[in-house]
Amino acid sequence: MVDRLRAGCAIPAHPLALNAKREMDPRRQKALSRYYLAAGSGGLAVGVHTTQFAIRDVGLYEPVLTIAAEAASEVQSQPVLVAGAIGRTEQAVREARIARGLGYHAVLLGLAAFKGASEDEIIAHCRTVAEEMPIFGFYLQPAVGGVPLSAAFWKRFALIENVIAIKMAPFNRYATLDVLRGVLEAGAASRIALYTGNDDHIVGDLLTPFALRVTGCEAPLRVVGGLLGHWSVWTQAAVRLQQECAAASGGPIPANLLAKDAQVTEMNAAIFDTANAFAGCIPGCHEVLRRQGLLEGTWCLDPHEDLSPGQAELISAAALRYPELTDDDFVRANLNTWLS
């Protein structure tokens, strides 16, 4: 699984399928996993922000991980299973143990619970969780709860032996470079797979040779894949895009491929509700999946979390502008199979 991560792939951040009573719909939850795997995803990320952190408050953490693992067992490709682990050390270790017991390969370690803590405290936390299972680092944007972290932190983090990948999602070029600098100075560039979580700059991250300089290393760092909430929708097109970017790395970049960076970002602005500081980002993903028939509605665990005014119209407009970045026909042809 580590080799597969290093080779690069598309990993959607898995949403939560609810019914009108805001209870989990197991049939549609599994259908989502089947959709992502049939679309060619290299793995599934479950129990993460897109799954809604509040699943832990209603006893759904282990059930949603279980359903995704069951769907993964149906395919021959052996997808990478990544489980979100959050909270202070005791909670994160407990979640890591649950994930390990269900056959997951790594935990995406969220650090939002450490706001105000020192970097020494956070590093100690990461080391403790790494003793349980491999870690997929996670730099979450502050707008949705992330903690600002220095390049020095990321160097220390990259030196933890059981760190196998990092998702960079600060939605900030400077902070993204801090992660890259830390990995480079730790001498961990060949060991740690770099994944974009910057939904505002997906294609740019995948195509850029990050030629940061440090003594003894001249090879540019490459972002080999993405673990993204945006890729929970129109996933077959996302997989194709990741593969196109991977094929173009190391050579001249076609102008039409580079142009997709702005197109994908514009689509993301509608889905993630950037006009309202990401208030409707999860319902935005749900709305696309609802239109395709994968979800019954856009319900979230929080009854106040819903599409923002005008967001549905923005999603419609974005899909009409860039139909090649959607996969409605693919879903239509296979929906009944996934729901069976």
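Since this is a predicted model, take the numbers as computed values, not measurements.
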Colleague: Quick check: closest heavy atoms across G87 and F114, and the distance to 0.1 Å?
Modeller: O-CE1, 3.7 Å
Colleague: So do L81 and V46 actually touch side chain to side chain, heavy atoms under 4.5 Å?
Modeller: no
Colleague: Can S308 and D273 be counted as having a side-chain donor-acceptor contact under 3.5 angstrom?
Modeller: yes
Colleague: Can you pull out every salt bridge (charged side-chain N to carboxylate O under 4.0 Å, His left out) where at least one residue sits in residues 65-77? Sequence neighbours excluded, please.
Modeller: K30-E70, R34-E74
Colleague: Can you name the closest pair of heavy atoms from V163 and I192 and give their distance?
Modeller: O-CG1, 3.6 Å
Colleague: Working to the nearest 0.5 Å, report the span between CD1 of I11 and OG of S232.
Modeller: 13.5 Å
Colleague: Under a single-linkage definition using a 4.5 Å side-chain heavy-atom cutoff for Ile, Leu, Val, Met, Phe, Trp and Tyr, are L111 and Y61 assigned to the same hydrophobic cluster?
Modeller: yes
Colleague: Distance check, rounded to the nearest 0.5 Å: S150 atom OG versus K155 atom NZ?
Modeller: 11.0 Å
Colleague: Identify whether the distance between the nearest side-chain nitrogen and carboxylate oxygen of R191 and E161 falls below 4.0 Å.
Modeller: no
Colleague: Please lay out, stage by stage, how V288 and I315 fare under the test side-chain contact (heavy atoms from CB on, under 4.5 Å).
Modeller: CA-CA 8 Å; V288 175; I315 292 172; 3.9 Å; yes
Colleague: Taking N198 for the side chain and H201 for the main chain, is one N or O donor matched with an acceptor at less than 3.5 Å?
Modeller: no
Colleague: Donor-acceptor check, side chain of T326 to backbone of Y322, threshold 3.5 angstrom: yes or no?
Modeller: no
Colleague: Please determine whether salt bridge (charged side-chain N to carboxylate O under 4.0 Å, His left out) holds for the pair R156 and D120, giving the CA-CA distance in whole Å, both sets of side-chain angles, and the decisive distance to 0.1 Å.
Modeller: CA-CA 9 Å; R156 294 173 68 188; D120 287 344; 2.8 Å; yes
Colleague: Compare all side-chain heavy atoms of D178 with those of L149 and state whether any distance is below 4.5 angstrom.
Modeller: no
Colleague: Calculate, to the nearest 0.5 Å, the distance between atoms OG1 and CZ belonging to T208 and R222 respectively.
Modeller: 7.5 Å
Colleague: Near E23 CD, under 6.0 Å, is it more than 12 heavy atoms from other residues, nucleotides or ligands?
Modeller: yes
Colleague: With a 4.0 Å cut-off on N to O distance, would you call R127 and E131 a salt bridge?
Modeller: no
Colleague: Tell me whether the rings of F330 and Y35 are parallel (<30°), tilted (30 to 60°) or perpendicular (>60°).
Modeller: tilted
Colleague: For A92 versus V129, what's the shortest heavy-atom pair and its separation?
Modeller: CB-CG2, 3.9 Å
Colleague: Can you list the steps and then say if V82 with L44 is a side-chain contact (heavy atoms from CB on, under 4.5 Å)?
Modeller: CA-CA 6 Å; V82 181; L44 301 172; over 6 Å; no
Colleague: Heavy atoms, side chains only, cut-off 4.5 Å: are I166 and F138 in contact?
Modeller: no
Colleague: Which is it for D200 and F272 under the side-chain contact (heavy atoms from CB on, under 4.5 Å) test, yes or no, and what are the steps along the way?
Modeller: CA-CA 10 Å; D200 64 339; F272 270 29; over 6 Å; no
Colleague: Sub-3.5 Å donor-acceptor pair from the side chain of D25 to the main-chain atoms of R28, do we have one?
Modeller: yes
Colleague: Using side-chain heavy atoms (C-beta onward) and a distance below 4.5 Å, is L194 in contact with L180?
Modeller: yes
Colleague: Without swapping roles, check the side chain of Q311 against the backbone of I271 for a donor-acceptor pair under 3.5 Å.
Modeller: yes
Colleague: Mind telling me whether Y36 and H14 have parallel, tilted or perpendicular rings, with 30° and 60° as the class edges?
Modeller: perpendicular
Colleague: When you check the gap from the basic side-chain N to the acidic O, do E132 and R100 get nearer than 4.0 Å?
Modeller: yes
Colleague: Are any of the side-chain heavy atoms of P79 and L37 separated by less than 4.5 Å?
Modeller: yes
Colleague: Determine the interplanar angle of the F136 and Y195 rings, folded into 0 to 90°, and report it as parallel if under 30°, tilted if 30 to 60°, perpendicular if over 60°.
Modeller: perpendicular
Colleague: Counting only heavy atoms not in Q91, do more than 12 sit closer than 6.0 Å to its CD atom?
Modeller: yes
Colleague: Is V48 reachable from V64 through a run of hydrophobic residues whose side-chain heavy atoms are each under 4.5 Å from the next?
Modeller: yes
Colleague: What about L227 and I282, same hydrophobic cluster or not, with Ile/Leu/Val/Met/Phe/Trp/Tyr joined at side-chain heavy-atom distances under 4.5 Å?
Modeller: no
Colleague: Where is the tightest heavy-atom contact between I164 and P134, given as atom of each residue plus distance?
Modeller: CD1-CB, 3.8 Å
Colleague: Take atom CD in E90; do more than 12 heavy atoms of anything else shown fall under 6.0 Å from it?
Modeller: no
Colleague: Taking I55 as the starting point, is it possible to reach L102 by hopping between hydrophobic residues whose side chains are less than 4.5 Å apart?
Modeller: yes
Colleague: Could you pull out the closest heavy-atom pair between P254 and A248, with the gap in Å?
Modeller: CD-CB, 4.2 Å
Colleague: Can a salt bridge be assigned to the pair D329 and R332 using a cut-off of 4.0 Å between side-chain N and carboxylate O?
Modeller: yes
Colleague: Is a side-chain donor or acceptor of T235 paired with a backbone partner of W231 at a separation under 3.5 angstrom?
Modeller: yes
Colleague: Do the side chains of F153 and Y139 get nearer than 4.5 Å, heavy atoms only?
Modeller: no
Colleague: As an exercise, state the distance from CG of L18 to CH2 of W299, rounded to the nearest 0.5 Å.
Modeller: 8.5 Å
Colleague: State yes or no: do M267 and V239 share one hydrophobic cluster built from I, L, V, M, F, W and Y residues joined by side-chain heavy-atom distances below 4.5 Å, directly or via other members?
Modeller: no
Colleague: For D302 and Q52, work out which heavy atoms get closest and say how close.
Modeller: N-OE1, 4.4 Å
Colleague: Nearest 0.5 Å please: distance from the CG atom of L241 over to the CH2 atom of W234.
Modeller: 13.5 Å
Colleague: Can you confirm whether N268 sits close enough to L228 that some side-chain heavy atom of one is under 4.5 Å from a side-chain heavy atom of the other?
Modeller: no
Colleague: Between S249 and V224, is any pair of side-chain heavy atoms under 4.5 Å apart?
Modeller: no
Colleague: Counting heavy atoms not belonging to N336, are there more than 12 under 6.0 Å from its CG?
Modeller: no
Colleague: Without swapping roles, check the side chain of T196 against the backbone of I202 for a donor-acceptor pair under 3.5 Å.
Modeller: no
Colleague: Any donor-acceptor pair under 3.5 Å linking the side-chain atoms of D327 with those of Q292?
Modeller: yes
Colleague: Go through R56 and E95 one step at a time and tell me if the salt bridge (charged side-chain N to carboxylate O under 4.0 Å, His left out) criterion holds.
Modeller: CA-CA 10 Å; R56 293 151 174 90; E95 293 183 356; 2.8 Å; yes
Colleague: Quick check: does any side chain N or O of N172 sit under 3.5 Å from a backbone N or O of A175, one acting as donor and the other as acceptor?
Modeller: yes
Colleague: Strictly by modelled atom types, are S316 and R291 linked by a side-chain donor-acceptor pair under 3.5 Å?
Modeller: yes
Colleague: Between W154 and F157, what is the ring plane arrangement, given parallel below 30°, perpendicular above 60°, and tilted in between?
Modeller: perpendicular
Colleague: Would you give the length of the straight line joining atom SG of C285 to atom NE2 of H230, rounded to the nearest 0.5 angstrom?
Modeller: 8.5 Å
Colleague: Quick one: do W338 and V331 satisfy side-chain contact (heavy atoms from CB on, under 4.5 Å)? Show the steps, please.
Modeller: CA-CA 9 Å; W338 299 331; V331 174; 4.0 Å; yes
Colleague: Does F278 offer a backbone N or O that forms a donor-acceptor pair with the side chain of N276 under 3.5 Å?
Modeller: no
Colleague: Does R181 use its side chain to pair, donor to acceptor, with the backbone of A151 at less than 3.5 Å?
Modeller: no
